[in-house]
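Take a look at the structure set out below.
None of these values were measured; they are calculated from a predicted model. Numbers here simply count residues along the sequence, with the first being 1. Start at 1 and go down the list; that is how both ligands and their atoms are numbered.
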Amino acid sequence: MTHQDEAVSLEALIRATVPRYTSYPTAPHFSAEVGADSYGEFLDRAVDGPISLYVHIPFCHSICHYCGCTTKASRRYAPIEAYVEVLRSEIAMVAARIGRRTVSHIHWGGGTPNLLSAAAFEAIVGDFHRFFDIGPDTEHAIELDPRHLGEGRARLLASIGVNRASLGVQDFDPAVQVAIGRIQPAETVAAAVEQLRDAGISSLSFDLIYGLPEQSVSSIRRTIETAVALAPDRISLFGYAHVPWFRVNQKLIDTSKLPGSEQRLKLERTAHDSIATAGYIPIGIDHFAKPSDAMAVALSKRTLRRNFQGYTTDRAETLIGFGASSIGRTPAGYAQNVTDTSNWRERIVNGHFATERGRALTLEDRLRADVIEQILCFFDVDLSATAARHNTDPAVFANDLGKLAPLVHAGWVTVDDGRVAIVRHGAELARLVASTFDAYLGMGGRHSVAV
Ligand SMILES: C[S@@+](CC[C@H](N)C(=O)[O-])C[C@H]1O[C@@H](n2cnc3c(N)ncnc32)[C@H](O)[C@@H]1O
Ligand code: SF4
């Protein structure tokens, strides 16, 4: 097979739309069978080990054209203040049910959590300290929009214990920034980096996106050069997910300016190679970390995990989601809060959990979730050892292995004595290989392309 043939057939393969597997079963397979009562039972059964806390803040100053997150624009603070009040009631309600537990990881996501006032941050973190055990080892991370930071805010975040921040950078090219409705000069990002480092928050991560309108191989190379010059500890490189049927703001993206699938693959490879050449270790399908960073260490020790926030070093089996649309995971199953903020508020103020849908996990779900997580994290999995850990016969995978035959034939995947390994094009093929172990694939849900 020539290099060109290979590129073309690989391109055809990864044009398949497959989930990103931040959970298994994936969110389209959650159902209304899991509501507030089931969530309470899930929490009662989540008795072992530390827990993680996720706080969703679904507010932004304005909505970027490309955004796929659950958020809305709010120029006024009153709705955010009202939201925080309800959030505090939800935290108290969950804490009363789950009891005093050690917290391994706190994550603020959104939306733009840095829009919260100092009083709101202090009140919520005060609640966390009142209800849970939070110590010096607790990782405390936040997603930040660099356009709304400033020295005072950076110091405030450090004072409440934040020790890791990820900044929404996306792309530094001015033409791309116009096309995606997010004007953010490199100086703005550089200032945010300096403010965070000066405040003592030195573990920084950048979010970048490839596949955006107006992006070219040379522009994305320049974006990576500018990004690595600021020396973040981690970089996430997401493929732009264009889902206008789901996120109407994306209708503002001029689709004639979007790269085609061949160009997308070139953009991904250029960005991937430029980041790796700058000394970062590629992690899974879309992350990079400096070799000394905890995530690179977790990869080499095979302790890396994947959850709703993507790759993580957090090993807690229970993740509690607070806020509208947040998703929690317990060993017994997943639970997602209702997305609409007024609906979420009404349920909480009436003293009920706001769970709208979710999924109780069967033994087979847990086994397949383990297999899929290993493929996404390490590009390999020992099916026999994994099945043994779940007290199952690896013969359960016989059909799935058959589906891998074309990839094995192409020399990209090996299957050897129950061990599946992606030996070429790992970042590009991992979602596809993982999907062969997804018992629900094709039973609903609409996803973005693999690269
Ligand atoms: C909640 S935002 C980050 C924080 C902050 N709101 C910001 O944008 O600066 C999380 C990240 O998701 C990524 N993202 C958002 N929409 C996306 C899309 N449609 N496709 C791929 N990545 C997307 C962006 O990289 C963004 O930084
Ligand atoms: S990308 Fe970030 S700032 Fe832009 S709309 Fe989405 S959540 Fe808000």
message: If the cut-off is 2.8 Å, does any N/O/S atom of His61 fall short of it from atom 8 (Fe) of ligand 2?
response: no

- line: Per-atom filter on ligand 1: closer than 4.0 angstrom to a heavy atom of Tyr240 are 18 (C), 19 (N), 20 (N), 21 (C)

- prompt: Would you call Gly168 a ligand 2 contact, heavy-atom distance under 4.0 Å?
  reply: no

message: Below 4.0 Å from ligand 1: does a non-hydrogen atom of Gly239 turn up there or not?
response: yes

task: Look at ligand 1 and say whether Cys69 reaches it with a heavy atom at a distance under 4.0 Å.
output: yes

statement: among protein heavy atoms, the one nearest atom 1 (S) of ligand 2 is Tyr66 OH, 3.2 Å

query: Which residue supplies the protein heavy atom nearest to atom 26 (C) of ligand 1, what is that atom called, and how far is it?
result: Gln170 NE2, 3.4 Å

message: Just to confirm my output: which protein heavy-atom neighbour is closest to atom 4 (Fe) of ligand 2, and how far is it?
response: Cys64 SG, 2.3 Å

- request: Determine, using heavy atoms of Arg182 and all atoms of ligand 1, whether some pair is separated by less than 4.0 Å.
  value: yes

- prompt: Any N or O of Gly68 that comes nearer than 3.5 Å to an N or O of ligand 1?
  reply: yes

Mutual orientation of the aromatic rings belonging to His107 and Tyr54 [parallel < 30°, tilted 30-60°, perpendicular > 60°]: parallel

- prompt: Strictly under 4.0 Å, does any heavy atom of Cys60 approach an atom of ligand 1?
  reply: no

message: To check your reading of the model: name the closest protein heavy atom to atom 19 (N) of ligand 1, its residue, and the distance in Å.
response: Tyr66 O, 2.8 Å

message: So is Thr71 touching ligand 1 or not, going by heavy atoms under 4.0 Å?
response: no

- line: for atom 10 (C) of ligand 1, nearest protein heavy atom and its distance come out as Asp207 OD2, 3.8 Å

message: Can you tell me if Arg147 contacts ligand 1 (heavy atom of the residue under 4.0 Å from the ligand)?
response: no

